[in-house]
Amino acid sequence: MNNRDNMQDHKFQRKAIQVKEAQARVMQYAKVLGIEEVPLSQSCGRYLAEPVNAPHPFPAFNRSGMDGFAIIAADTQECNAENPVWLEVIDNIPCGAVPSADLTPGTAARIMTGAQVPEGADAVVMIEITESRDRDGKTFVLLRKPQLAGSNITPRGFELKEGQLVLPAGRLIAAGDIAVLAAFGIHMVKVHRRPKIAIFATGSELLAVDEPLQPGKVRNSNSPMLEALVREAGGEAVMLGAIADDLELARSKVQMALETHDLVITTGGVSVGDYDIMGDLVREKTGEMLFNKVTMRPGSVTTAAVRGGKLLLALSGNPGACFVGFQLFARPVISLMLGAAQPLLPEWTAFMGADYTKVNNYTRFVRARLEIRDGSIYAYPAGIDESSVMVTIKDSDCLIIVPPEARGLAAGDRVKILKLPGEIVG
Ligand SMILES: Nc1nc2c(c(=O)[nH]1)N[C@H]1C(S)=C(S)[C@@H](COP(=O)(O)OP(=O)(O)OC[C@H]3O[C@@H](n4cnc5c(N)ncnc54)[C@H](O)[C@@H]3O)O[C@H]1N2
Ligand code: MOO
């Protein structure tokens, strides 16, 4: 058997591994990237690199929840509609001011919502249930109902005690987290660097998006899709275009891309065809092939290799398989590089919205639309979900996991789904 036959032989005898195993193999090489500081306004959507502990109690002072009067509740215990209690108003505390005096029995302070409650006060009464009187050059507030201690005061440290953990490392920063960071004066936020991800497509049939259609050719739709997916996952996409089915060219392109990027994602050329160069490339002994067949559909030919410690993910050229391959393998790798605590797509339970009759020896990841009815989630499989189909990717909120042993699913059956990022398409 000559060398070429030997290579061909290997090409056809691929050892398929389970999705979980394939994920574990790639994730092992996904090391969290270094830390950088970004301005608070640019930290949304990044992953926190260090935990945030409250540097001070929040709120930092006993805070009035109403416009009204700070009082001592015990002063009001004997009052009623006929016998109001008269409290002398000794201070006026707008928001942002510091009280000028402590309250002593028989006194009150006019106070605004959000202002610091004076020492000695243990309740705030809202202005609407009070009456004011001036007598002997002094101002009094009259109350006709006993007040409960603690009412309308948010005590210092009510939300957070000093030193308490508020945001763990690995948290995806969203609007609420920004509020916490801002409230604690953290204007520069420590996050993990975004991975730089090189993307290129292989295929002599590929046209650039701006090229006119030509016989036998297709426009390269996978590269822009991958660019969007990388960005959605939090990575920095570096577009390296498309190359023809030329092994030499692919080899040098991969080499160059791996040197200057954190991850390389390719699409196309991973099957067993005469021009499936990526498949041939990863079988060369210049690196370690992690797998070149996975027991899944679409995307059974998804291939991964490591060179110089860096990952090459060679996704299928079939658009549906490229999409699913990205979600199952590239996404968790990017998430881990970003420092995410939960790298995998969330797994939910849903009811089948319609029958799904296709069976397979491999686990299927069926594109589906989600609908929420009466508080339950229903998954509607896409009408056409073949690996080669592009058009239903856009209608997918999730991937229904159809295990190989499921011999067809009926509407109403409970299934596991992988929720895709983003809003429910509806
Ligand atoms: N004899 C066999 N043939 C095939 C097998 C097999 O096991 N034995 N596997 C099939 C499966 S499953 C898949 S999936 C595909 C995978 O093929 P490749 O990943 O090598 O992809 P290509 O052959 O390069 O292209 C497939 C298809 O997708 C179109 N394509 C490719 N790149 C792009 C792009 N960037 N944008 C849009 N469309 C793209 C391409 O034109 C082809 O139509 O192989 C089966 N065959
Ligand atoms: O690998 Mo193919 O995507 O299984 O259909």
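Only heavy atoms go into these numbers, but all of them, side chains included; no hydrogens, no water, no symmetry mates. Whatever order the structure lists ligands and atoms in, that order sets their numbers, starting from 1.
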Query raised in the report: Contact residues of ligand 1 with a heavy-atom cut-off of under 4.0 Å?
Result: Ala201, Glu205, Leu206, Val218, Arg219, Asn220, Ser221, Asn222, Gly268, Gly269, Val270, Ser271, Val272, Asp276, Arg297, Ser300, Val301, Ser316, Gly317, Asn318, Ser387
Report task. May I ask you to decide if the ring planes of Phe184 and His56 are parallel, tilted or perpendicular, using 30° and 60° as cut-offs? Result -> perpendicular
Report task. Flag the pair Glu284 and Arg251 as a salt bridge only when some basic side-chain nitrogen lies within less than 4.0 angstrom of an acidic carboxylate oxygen. Result -> yes
Report summary line: All heavy atoms of Thr267 vs all of Cys322, minimum pair found to be OG1-SG, 3.7 Å
Requested in this report: Identify, with sequence neighbours excluded, every residue that meets side-chain hydrogen bond (donor to acceptor under 3.5 Å, both in side chains) alongside Ser300.
Outcome: Arg297
**Report entry** Result of checking Leu263, Leu229, Leu240, Val230 against Ile199 for side-chain contact (heavy atoms from CB on, under 4.5 Å)
**Finding:** Val230
Query raised in the report: Could you give all pairs that pass the ring pair (Phe, Tyr, Trp, His ring centres under 6.0 Å) test and reach residues 343-376, with sequence neighbours left out?
Result: Phe351-Tyr378
Query - Glu288/Arg25 salt bridge by N-O under 4.0 Å criterion - result: no
Requested in this report: Test side chain to side chain contact (heavy atoms under 4.5 Å, CB included) on Arg46 and Val189 and set out the steps.
Outcome: CA-CA 10 Å; Arg46 305 293 297 267; Val189 187; over 6 Å; no
Could you pull out every N or O of ligand 2 that sits under 3.5 Å from a protein N or O, with the distance for each pair?
residue, atom, partner, partner atom, Å
ligand 2, 1 (O), Gly299, N, 3.2
ligand 2, 1 (O), Ser300, N, 2.6
ligand 2, 1 (O), Ser300, OG, 2.8
ligand 2, 1 (O), Val301, N, 3.3
ligand 2, 3 (O), Gly299, N, 2.4
ligand 2, 3 (O), Ser387, OG, 2.7
ligand 2, 4 (O), Arg297, NE, 2.7
ligand 2, 4 (O), Arg297, NH2, 3.4
ligand 2, 4 (O), Gly299, N, 3.3
ligand 2, 4 (O), Ser300, N, 3.1
ligand 2, 4 (O), Ser300, OG, 2.9
ligand 2, 5 (O), Ser387, OG, 3.0

**Report entry** Under 3.5 Å: donor-acceptor pair, side chain of Thr202, backbone of Phe200
**Finding:** no
